[in-house]
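Down below is the structure, laid out as structure tokens.
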Amino acid sequence: MNVDAIECLLHRVSVPKLTEPGPNKEELQLLLKAALRAPDHAALRPWKIVVIEGEGRQQIGRACLEHAITANPELSSTQQSRSENLLKRAPLVIAVAASPVEHPKVPEVEQLLSAGAAAQNLMLMAHALGYGAVWRTGEYAYAEAVRNALGLAEHESVVGFIYIGSADMKIPDAPEHNISDFVSYIG
Ligand SMILES: Cc1cc2nc3c(=O)[nH]c(=O)nc-3n(C[C@H](O)[C@H](O)[C@H](O)COP(=O)(O)O)c2cc1C
């Protein structure tokens with residue numbers, strides 16, 4: 001599905017309830033190309049992107065479970081199962097991590113923002129392709145076990161897990177914001 005760019009920018013909303021089918025191989029390529037088109041000062045490519053699908057969701061789920069049990073050894077079996085199945089809330093999950101490098105002109109915060117822009121490009125491409133998507137983090141995004149399972153180095157950090165799939169809910173209308181609440185004008 002091709003969606004008008006203005007529609008995409010104004011009407012994208014988060015879709016937390018997702019189901020099969022997820023994007024096919026060609027659509028996944030479009031998603032990844034969009035992520036890599038994020039603005040990026042000095043072309044540092046300061047990100048690491050991990051595609052998690054199929055059994056990979058179980059693999060990262062096990063790391064979520066490991067973290068959950070370490071954080072709370074008394075965790076009930078229901079909560080354990082919830083942690084282990086978190087990634088199964090969508091057919092496709094793409095983890096976007098910031099991977100900053102030392103640079104004389106580009107501070108770390110700018111590189112973090114570039115990784116965030118890559119995540120947002122995934123959200124917009126998912127919408128343009130007719131899929132629902134939601135950007136999630138939560139404690140698992142920062143957990144050592146999950147970071148290790150994703151293959152992140154010490155200086156790298158998850159900016160988001162982008163869950164993508166077919167909407168399994170009525171998609172709400174995008175809220176209207178009052179521009180003057182947030183914007184001032186000079187000149
Ligand atoms: C960095 C970041 C982390 C987020 N983490 C979560 C999360 O863990 N759980 C969640 O429900 N929403 C999370 N959100 C918010 C949703 O993805 C979403 O943007 C928000 O609910 C507003 O909905 P909308 O996109 O339809 O405007 C996060 C957003 C950002 C930018």
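Because the structure is predicted, anything quoted here is derived from the model rather than measured.
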For the atom pair CG (Leu32) and CZ (Arg37), what is the distance rounded to the nearest 0.5 Å?
14.5 Å

Could you pull out all residues at least two apart from Gln79 that satisfy side chain to side chain donor-acceptor pair (under 3.5 Å)?
Ser76

Tell me whether the count of non-hydrogen atoms from other residues, nucleotides or ligands lying under 6.0 Å of CD in Glu102 goes above 12.
no

Just wondering, do Leu112 and Pro100 contact through their side chains at under 4.5 Å, heavy atoms?
no

What's the separation between atom CG in Leu150 and atom CD in Gln59, rounded to the nearest 0.5 Å?
9.5 Å

Which residues share a side chain to side chain donor-acceptor pair (under 3.5 Å) with Lys33, sequence neighbours left out
none

Is there any salt bridge (charged side-chain N to carboxylate O under 4.0 Å, His left out) pair reaching into residues 67-84, and which pairs are they, with sequence neighbours excluded?
none

Contact summary for Gly22 and Tyr131, nearest pair of heavy atoms
O-OH, 3.4 Å

Exercise: identify the closest heavy-atom pair between Ile49 and Ala35:
CD1-CB, 3.9 Å

For Phe182, all residues meeting side-chain contact (heavy atoms from CB on, under 4.5 Å), sequence neighbours excluded:
His177

Salt bridge (charged side-chain N to carboxylate O under 4.0 Å, His left out) partners of Arg45, counting only residues at least two apart
Asp40

By the side chain to side chain donor-acceptor pair (under 3.5 Å) test, which pairs, at least two apart or in different chains, include something from residues 153-172?
Lys48-Glu156, Arg89-Tyr163, Ser99-Glu156

Between CG on residue Leu31 and CG on residue Leu92, distance to nearest 0.5 Å
7.0 Å

Same apolar cluster: Val96 and Ile164, side chain cutoff 4.5 Å
yes

Any residue meeting side chain to side chain donor-acceptor pair (under 3.5 Å) with Ser77, in chain and number order, not counting sequence neighbours:
none

Taking all atoms of both residues into account, what is the closest heavy-atom pair of Ala90 and Arg57, and its distance?
O-NH1, 2.9 Å

Checking Asn24 now: which residues fulfil side-chain contact (heavy atoms from CB on, under 4.5 Å) with it, not counting sequence neighbours?
Glu26, Glu27

Can you pull out every side chain to side chain donor-acceptor pair (under 3.5 Å) where at least one residue sits in residues 103-124? Sequence neighbours excluded, please.
His41-Glu110

Taking side-chain contact (heavy atoms from CB on, under 4.5 Å) as the definition, give me every residue that meets it alongside Asn178, ordered by chain and number, with sequence neighbours left out.
Ser180, Asp181

Tell me, which pairs form a side chain to side chain donor-acceptor pair (under 3.5 Å) where one or both residues lie in residues 138-149, sequence neighbours left out?
His67-Glu139, Ser83-Tyr140

Straight-line distance of Ser14 OG to Arg136 CZ, nearest 0.5 Å
8.5 Å

Identify whether Ile94 and Leu129 are in the same connected component of the hydrophobic contact network (ILVMFWY, side-chain heavy atoms under 4.5 Å).
yes

Kindly work out whether a path of hydrophobic side-chain contacts (I/L/V/M/F/W/Y, heavy atoms less than 4.5 Å apart) joins Phe161 to Leu86.
yes

If Ile, Leu, Val, Met, Phe, Trp and Tyr residues are connected whenever their side-chain heavy atoms lie under 4.5 Å apart, and connections chain through other members, are Leu36 and Val50 in the same group?
no

Look at the side chain of Trp135 and the backbone N and O of Val159, then say whether any donor-acceptor pair between them is shorter than 3.5 Å.
yes

Are Leu122 and Val93 joined in one hydrophobic group, where the rule is that I, L, V, M, F, W and Y side chains link up if heavy atoms are under 4.5 Å apart?
no

Once you round to the nearest 0.5 Å, how far does CD of Glu55 lie from CD1 of Ile60?
12.0 Å

Just to verify, what does Leu10 make a side-chain contact (heavy atoms from CB on, under 4.5 Å) with, not counting sequence neighbours?
Ile6

Can any side-chain N or O of Arg12 pair as donor or acceptor with the backbone N or O of Leu9 at less than 3.5 Å?
no

